[in-house]
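This report refers to the structure that appears directly beneath it.
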Amino acid sequence: MSIKDKIASILFGVKKEEAEEELRAQPAAPEPEAGEPAAFIAEEPAVLKLPGDHPLQQLYALRRKEAGPLPAPRLCLDEDGEIPADLVKREKSRLQTALKNVSNFRLRATKGNEGKRRKGKDGENEEEDKPTGLDAMPWFFISSDKLWAWVMVFPPTGAGQELSRNQLYQALEEQGICYGVDGRLTDRLSHDERRYFNLFLIARGKPAFDGRNGNIVDYFPREVERILEVDEYDQVDYTALNLIHNVKEGQEICRLIRPTEGEPGRTVLDQELPAKSGKSVPLPKGRNTEISEDGDALVACADGHVEFTGRSFQVKPVLDIDGNVDFSTGNIKFLGDVNIKGDVLTGFTVRAMGSIWVGGVIEAGSTVEAGGDLTVVKGILGDGTTTVRAQRCIFSKYIENATIYVRENLQTDAIINGRIYCDGEVLVRSGRGSIMGGRVWAAEKVSATSVGSKSECRTSITLGGLPCTNFERELVRRELKGLEMELEKLECQLDSPVKASLISKTKVKLNTAELRLQQLDEDLEDTKEELRGHEEDGRLECGVAYAGTEISIGDEMVRLRHEERQCVAKMVCGEILVM
């Protein structure tokens with residue numbers, strides 16, 4: 001290179017070919033040695049890597065040629081890890097496109113500002129115009145959500161001015177970036193040695209926060225779990241079911257957590273970002289409850305039992321009987337729950353729309369019907385005429401010589417000569433866990449420790465079908481037969497006004513019973529088709545099944561001839577298989 005070319009390169013910068021040659025001449029990054037940890041060579045996800053022919057790399061090479069050594073460009077969107085990773089990933093592609101455009105523009109301006117040659121008057125000597133130079137140029141990159149703003153400064157060329165504090169503030173004002181500006185960075189950037197070709201986070205906006213939705217804090221459970229706990233002695237405490245949740249008048253049932261207002265944000269351009277407020281929820285007000293004066297709580301209007309009906313809390317008044325159901329109380333019919341601390345004596349009837357809890361015994365000849373659960377702490381002792389019904393579950397210490405009707409599950413320690421109709425499962429695993437004599441008809445499963453006895457007493461286990469529907473049908477048929485016999489006796493009596501009145505009333509009852517029987521027969525026929533493929537669902541599980549036990553599933557029946565240990569009986573391919 002001649003002396004003239006050297007002087008021209010110092011004054012006006014280098015040519016593009018020389019800049020590219022110098023860029024290619026830069027040493028490449030060293031290869032990692034064998035055994036070097038991968039962490040030393042892992043790429044930073046927030047750093048934008050530029051190819052060697054990128055316009056910014058050419059500008060960097062020109063600056064090095066003109067001003068000497070300077071730090072390599074570093075374009076990092078997130079130095080401190082405060083920006084969400086998905087936003088960084090999305091903004092990197094935008095940054096690459098925007099940076100290429102502005103770098104090309106700056107590169108063209110740099111080349112267009114180089115000195116131009118012109119001829120002298122004699123046409124022989126050539127002179128060059130001195131370049132005016134380009135001032136340092138701050139360039140700003142704003143995220144798509146306008147919550148983050150970065151700055152990168154292009155260095156001056158030729159006789160251009162270096163970056164100054166006033167120039168940076170003026171550029172911020174021109175771009176409209178006026179919220180969340182990092183003043184400390186702005187003040188020191190003008191004299192920072194890495195101020196050129198480096199990306200700095202210069203402004204942070206304030207994101208909008210939506211309000212939280214309202215919520216209900218319950219002080220009583222919405223779903224009651226009927227779980228019996230067996231102690232280490234294989235005994236169940238039937239007094240600790242906790243099925244009844246008592247509440248006093250004025251006591252809070254649940255409390256409302258009000259929604260919060262949204263907190264609006266601001267962009268780096270000082271524009272407001274709207275926020276949504278949380279949605280409110282209504283208090284689940286039901287029967288015998290009211291909303292407090294401040295509107296934040298649901299309280300009980302009366303003493304009773306709290307129950308969640310699926311949409312609202314309601315308070316069911318509970319009838320408490322401190323002693324026995326006897327002549328002092330008479331028969332009981334109640335719309336809510338009934339708690340009986342004593343026994344239900346012979347000949348008395350207790351009917352309740354809710355659950356019934358009996359702390360003593362249900363004696364022979366009595367009738368108990370519950371619209372919910374029935375819990376008998378000491379057991380059911382019948383004489384063949386005792387009838388107990390529950391629309392949900394029954395929990396009893398033992399059952400002897402009684403007819404039991406239960407819509408869901410039955411759990412007890414022992415069943416002796418009982419007639420059980422259960423649309424769910426019969427569980428006899430705690431305590432003795434024995435079923436001796438009688439008949440147990442369960443729609444789903446019978447699980448017991450032992451079934452039958454060594455004396456081979458007849459014990460019948462029937463699985464599948466509709467036990468409760470068949471029980472109701474059997475009761476109606478008995479009633480119908482009794483009314484027919486009563487009508488025949490009345491017709492044999494002498495004619496009288498009393499006879500006519502009794503016959504009329506009996507016929508009305510007879511017609512009503514016939515209609516009920518017809519309806520049950522129709523329901524039974526409708527459900528038979530649905531149950532036709534489910535005979536194999538019934539299952540008997542027991543530790544020991546003694547000889548004499550009869551097992552029926554559908555139309556099939558098998559009688560055990562020998563004692564079976566760890567017995568499982570079910571229907572397989574149309575036959576009862578006992579394993």
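Atom set for the values below is all heavy atoms of this structure, side chains included, hydrogens, waters and symmetry mates excluded. Owing to the predicted nature of the structure, the values given are computational and were not obtained by experimental measurement.
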Taking [X] for its side chain and [Y] for its backbone only, find out whether a donor-acceptor pair lies under 3.5 Å.
| X | Y | value |
| --- | --- | --- |
| Asp218 | Pro221 | no |
| Ser496 | Lys499 | yes |
| Ser504 | Ser501 | no |
| Ser366 | Ile362 | no |
| Thr512 | Val508 | yes |
| Asp337 | Ser355 | yes |
| Arg429 | Ala448 | yes |
| Gln251 | Lys248 | yes |
| Asn470 | Glu474 | no |
| Lys285 | Ser312 | no |

Looking only at heavy atoms, which two atoms of [X] and [Y] are closest? And how far apart?
| X | Y | result |
| --- | --- | --- |
| Val315 | Ala302 | CG1-O, 3.5 Å |
| Pro259 | Gly214 | CB-N, 3.6 Å |
| Val361 | Asp343 | N-OD1, 2.7 Å |
| Gln314 | Thr289 | CA-CG2, 4.3 Å |
| Arg266 | Leu147 | O-CD2, 3.6 Å |
| Ala443 | Gly465 | CB-O, 3.8 Å |

Going by atom types only, do [X] and [Y] share a side-chain donor-acceptor pair under 3.5 Å?
| X | Y | result |
| --- | --- | --- |
| Ser143 | Glu91 | no |
| Thr346 | Glu363 | yes |
| Arg419 | Thr403 | no |

Run the salt bridge (Lys or Arg N to Asp or Glu O under 4.0 Å) test on Glu472 and Arg516 for me, step by step, so that the C-alpha distance in whole Å, both residues' side-chain angles and the decisive distance to 0.1 Å come before the verdict.
CA-CA 10 Å; Glu472 290 180 352; Arg516 285 175 58 194; over 6 Å; no
Look at atom [atom1] of [X] and say whether more than 12 heavy atoms of other residues, nucleotides or ligands are closer to it than 6.0 Å.
| X | atom1 | answer |
| --- | --- | --- |
| Arg212 | CZ | no |
| Asp294 | CG | yes |
| Arg458 | CZ | no |
| Glu290 | CD | yes |
| Glu575 | CD | no |

Could you check whether [X] pairs with [Y] (Lys NZ or Arg NE/NH1/NH2 to Asp/Glu carboxylate O, under 4.0 Å)?
| X | Y | answer |
| --- | --- | --- |
| Glu479 | Lys509 | no |
| Lys454 | Glu456 | no |
| Arg392 | Glu408 | no |
| Arg432 | Asp413 | no |

Heavy-atom side-chain proximity of [X] to [Y] below 4.5 angstrom:
| X | Y | result |
| --- | --- | --- |
| Phe334 | Lys316 | no |
| Cys301 | Glu249 | no |
| Ile415 | Ile420 | yes |
| Leu345 | Val325 | no |
| Leu87 | Asp145 | yes |
| Ile461 | Ser552 | no |
| Val281 | Leu256 | yes |
| Thr386 | Asn401 | no |

Stepwise, does the salt bridge (Lys or Arg N to Asp or Glu O under 4.0 Å) test hold for Glu82 with Arg204?
CA-CA 10 Å; Glu82 58 181 315; Arg204 299 168 175 83; 2.8 Å; yes
Atom pair OG1/CG of Thr469 and Asp423 - distance to nearest 0.5 Å:
6.0 Å
Could you go through Tyr405 and Tyr421, starting from their C-alpha distance and side-chain angles, then the distance that decides it, and tell me whether this counts as ring-ring contact (aromatic ring centres under 6.0 Å, His included)?
CA-CA 5 Å; Tyr405 168 103; Tyr421 300 86; 7.8 Å; no
Give me the ring orientation class for Phe348 and Phe327: parallel if the planes are under 30° apart, tilted from 30 to 60°, perpendicular past 60°.
perpendicular
